[in-house]
Enquirer: 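To start, I am sharing the structure in question, which I have written as structure tokens.
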There are 2 protein chains.
Amino acid sequence: MSARRRPTIKEVAAAAGVSTQTVSRVINNRPDVAPETFERIQQIISETGYSPNMFARGLTQGRSHTLGVVAYGLEYFGPSRVLTGIEQQAAAVGYAISLNLIHEPEQADVEGLLASLVSRQVDGIIWAVPDVGDNRAWSNAAGSDHPVPVLLVGGMGGQSLLGSIGIDNRAIGRLATEHLLSGGARHVGLVTGPMDWWESRERQLGWRESLQERGLPASDRQIANGDWSATSGEAGLYQLVEQAPDLDAVFASNDQMALGVMHAAHRLGRRIPDELSVVGVDNIAEASHFWPALTTVDQPLRDAGGLAVRELDGAIRRARAARRGQDGAPAPRTLLQPKLVIRESSRPTP
Amino acid sequence: MSARRRPTIKEVAAAAGVSTQTVSRVINNRPDVAPETFERIQQIISETGYSPNMFARGLTQGRSHTLGVVAYGLEYFGPSRVLTGIEQQAAAVGYAISLNLIHEPEQADVEGLLASLVSRQVDGIIWAVPDVGDNRAWSNAAGSDHPVPVLLVGGMGGQSLLGSIGIDNRAIGRLATEHLLSGGARHVGLVTGPMDWWESRERQLGWRESLQERGLPASDRQIANGDWSATSGEAGLYQLVEQAPDLDAVFASNDQMALGVMHAAHRLGRRIPDELSVVGVDNIAEASHFWPALTTVDQPLRDAGGLAVRELDGAIRRARAARRGQDGAPAPRTLLQPKLVIRESSRPTP
DNA sequence: CTGAAAGCGCTTACAG
DNA sequence: CTGAAAGCGCTTACAG
């Protein structure tokens, strides 16, 4: 583990007895090189282990083939899936990734982060930090004058001019709630995520809409606020059975909280799903092995990440085109649809 | 989301009526600038939103202040924790991260990956891909002549000359097994991870050593091979009760498989922990809410990631020093210690 | 305390 | 099909 000087294009050119220009043509796979020259240079390149210095290349070309990705909470299910999708698609399309993690979604130094990404010459930025509180206020101000294209992922609360990719979280709430109702439930409780999260509010809205459309109550007594953790889900059920004695079903805003709810139900001696149906969100790997196996709503998170890269790639190309006089298209806002996964924690539709 | 040309050092210099050299001094915080000149330039920098082009800077300085990180399986617990640790420490020490994910640990294009990282001028590389099969064969050959320092994380199977940071996986097996024995177990089964993983083999070794030291049997009948998934854990227990009727405890090589084991135990009507004690590995967030709450072994994964960055930073500094005639120290191999977390799935020590 | 010159390793027009 | 020249945006000695 030490350092050895790497060969430069000049040395390769000298060894081949050609100009650096010709070597440049070879490493960029340009057609206009004599086959034998090409061959000879290729030979020397692999002998010397030469690979072009991306700094020099980036300096002349004005681009890095790198995407800046700002994310939060890799240790959580959603963010890690989104990032996987981003990385995979980026590799496929030919971008490297510069990763920046945020540890407090509400108080990140957004300006500084974006500036450092820009100075690192990224071609575009994916902002995959949850929409919490007003941590996206900056994006409303950020307009089309930003030095590089920016795309938001997950959370569509703001009025930003930037493009965004998200998952229809209201549909998540509706899917879960309607499934519970179709299984015969009449008193559907809700354990929310933190209410400063866009996702939590949307899921709650979906829950409320579904109940109201059937003329069923959706009062605050049916709601317990959680924080995404299993512990908060457990506390949530204790609170709900106090507030709403008729409770016969619970929609937990993620699988961890659903696990906590089931844990509490066991302790309370309420049989699942006969006495209490439970639905979660995320479809984490363990969900099918919970006791009982958890009915949940699956989100296309990897797809969202992949789509983000494709959209951003498009925006980057458009921006480069616009520089030559053409105009960029308006920023797209895309909402992906979730999917219900029925298992044993909810009563089946009769 | 569009493109606007960014100001250069030249423009800032012109606006300030100084040479680019002086501006350079200011952005690098060098002391030898007249206070008023400094102030004036600073002023113009913030007005114009100037930030230095890292490509140009990297080209002259020969370093990028970026770490190349190669990882696998972000959607799994271990890798995501390690990466979090890496990112956090890197940010603290002042490195950016270039992330590359591998999707098949056994058949990655290692050469290509390392070359692309090197050509992107990373200052060092952290290889955080699990030690599976012979996917680290390259690292045995890789010597001190590598263009940049490389550090391996997690899995210490090879005889590599490269530095490495890992967790003592044999200790994990011993910790779990000895805890089960101290609770009165005499027939401790094992559900392994995939046997081509170094971690799996080491955990099995720890299990075997602990049993043998007490003169207890550790036969193949007590072993079921899993693949880290809860499903394989469930299948594992069914297999074990067939092969070893006296079974009174199971060490599952991760928490997901432990969950599967408990799931199967419920179906078989075996009470946990009275009739069957279960211990997992990882201490995932859900573990304390499994039914019953899971006893498990906690690994200092984030610490491993953070330590990796510090070690690599040291190696980078040493390499730069060596270039000026000094020598690099030998590559360190560090093993971090795991910790038992006792909950309700195992019988307590009397 | 400040600047003129050279150079980092490439690519981009422009010639031929 | 190939090369000489200029330049990308910085920093590094070297002067003064």
Side-chain angles (χ1 to χ4, degrees), chain A residues 3 5-42 44-45 48-65 116 118-123 147 320 323-324, chain B residues 3 5-42 44-45 48-65 116 118-123 147 320 323-324:
Chain A
R5 226 178 51 69
R6 298 171 46 213
T8 71
I9 196 173
K10 230 173 181 167
E11 287 156 23
V12 173
V18 298
S19 73
T20 61
Q21 161 68 307
T22 301
V23 178
S24 172
R25 287 193 182 94
V26 170
I27 59 186
N28 287 290
N29 252 311
R30 293 222 217 283
D32 48 353
V33 180
E36 47 182 44
T37 313
F38 194 98
E39 194 96 336
R40 183 156 40 95
I41 295 176
Q42 198 83 70
I44 292 172
I45 285 174
T48 56
Y50 169 76
S51 72
N53 181 323
M54 289 303 172
F55 280 177
R57 185 176 269 182
L59 192 56
T60 55
Q61 294 189 142
R63 68 176 298 187
S64 60
H65 294 278
S116 96
V118 167
S119 78
R120 247 177 281 138
Q121 307 295 116
V122 297
D123 293 348
R320 300 182 79 78
R323 236 185 260 176
R324 304 190 223 100
Chain B
R5 226 178 53 66
R6 298 172 46 213
T8 70
I9 197 173
K10 230 173 183 167
E11 287 156 22
V12 174
V18 297
S19 72
T20 61
Q21 162 66 312
T22 302
V23 177
S24 172
R25 287 192 182 95
V26 170
I27 59 186
N28 287 289
N29 253 310
R30 294 220 215 284
D32 49 352
V33 179
E36 47 181 43
T37 312
F38 194 98
E39 193 96 336
R40 182 155 41 96
I41 295 176
Q42 197 83 70
I44 291 171
I45 286 175
T48 56
Y50 168 76
S51 72
N53 181 324
M54 289 303 172
F55 281 177
R57 182 176 272 182
L59 192 57
T60 55
Q61 294 190 143
R63 69 176 298 188
S64 60
H65 293 279
S116 96
V118 168
S119 78
R120 246 176 284 139
Q121 309 294 116
V122 297
D123 294 347
R320 301 182 78 78
R323 236 185 260 174
R324 303 189 222 101

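Below, read A as the first sequence line, B as the second, and so on, with proteins coming before strands; counting in each chain starts at 1.
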Enquirer: Test of understanding: with side-chain contact (heavy atoms from CB on, under 4.5 Å), list the residues that count as partners of A/A56, not counting sequence neighbours.
Expert: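 Listed in chain order: A/N53, B/L59.
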Enquirer: Nearest-Å distance, CG (A/L59) to C1' (C/dC8)?
Expert: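 Result: 9 Å.
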Enquirer: Are B/R6 and B/S51 linked by a side-chain donor-acceptor pair shorter than 3.5 Å?
Expert: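 Yes, side-chain donor-acceptor contact under 3.5 Å.
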Enquirer: Under 4.0 Å between a side-chain N/O of B/T8 and OP1 or OP2 of D/dG9, yes or no?
Expert: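 Answer is no, no contact under 4.0 Å.
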Enquirer: Who are the side-chain contact (heavy atoms from CB on, under 4.5 Å) partners of B/T60, not counting sequence neighbours?
Expert: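 Here no residue qualifies.
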Enquirer: Does the side chain of A/I27 come within less than 4.5 Å of A/I9's, by heavy atoms?
Expert: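 Sidechains of A/I27 and A/I9: in contact.
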Enquirer: Under 4.0 Å: is that the gap between some side-chain N or O of B/T22 and OP1 or OP2 of C/dT2?
Expert: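 B/T22 to C/dT2 OP1/OP2: no side-chain N or O under 4.0 Å.
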Enquirer: Using every non-hydrogen atom in the two residues, find where A/I41 and A/A16 come nearest and quote the distance to one decimal.
Expert: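 In this case the closest contact between A/I41 and A/A16 is CG1-CB, 4.0 Å.
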Enquirer: Please determine, for the side chain of B/V18, which listed nucleotide (C/dG3, D/dC8, C/dC1) has the closest atom?
Expert: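 Out of C/dG3, D/dC8, C/dC1, the nucleotide with an atom closest to B/V18's side chain is C/dG3.
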Enquirer: Who pairs with A/R63 by salt bridge (charged side-chain N to carboxylate O under 4.0 Å, His left out), at least two apart in sequence or on another chain?
Expert: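 Partners of A/R63 under the salt bridge (charged side-chain N to carboxylate O under 4.0 Å, His left out) test: A/D123.
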Enquirer: For the pair A/S64 (side chain) and A/Q121 (backbone), establish whether a donor and an acceptor sit closer than 3.5 Å, ignoring hydrogens and angles.
Expert: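 Side chain of A/S64 to backbone of A/Q121: a pair is present.
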Enquirer: How would nucleotides 11-16 of chain C be written as a contact map, 5' to 3', with B for base contact, S for sugar-phosphate-only contact and - for no contact, using protein heavy atoms under 4.0 Å?
Expert: SBB---
Enquirer: Take N1-N3 plus N6-O4 or O6-N4 for Watson-Crick, N1-O2 plus O6-N3 for G-U, both under 3.5 Å. Which runs of 3 or more such pairs involve DNA chain D?
Expert: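 Ordered by first number, the stems with DNA chain D (at least 3 consecutive pairs each) read C:1-3 with D:14-16, C:5-12 with D:5-12, C:14-16 with D:1-3.
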Enquirer: Please report, to 0.1 Å, the donor-acceptor pairs under 3.5 Å made by any side chain of residues 32-39 of chain A, with sequence neighbours excluded.
Expert:
none

Enquirer: Starting from P on C/dC10, measure out to CZ on A/R63 and report it in whole angstrom.
Expert: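 That distance rounds to 19 Å.
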Enquirer: Pick base, sugar-phosphate or nothing for B/N53, based on heavy-atom distances below 4.0 Å to the nucleic acid.
Expert: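 Result for B/N53 = sugar-phosphate.
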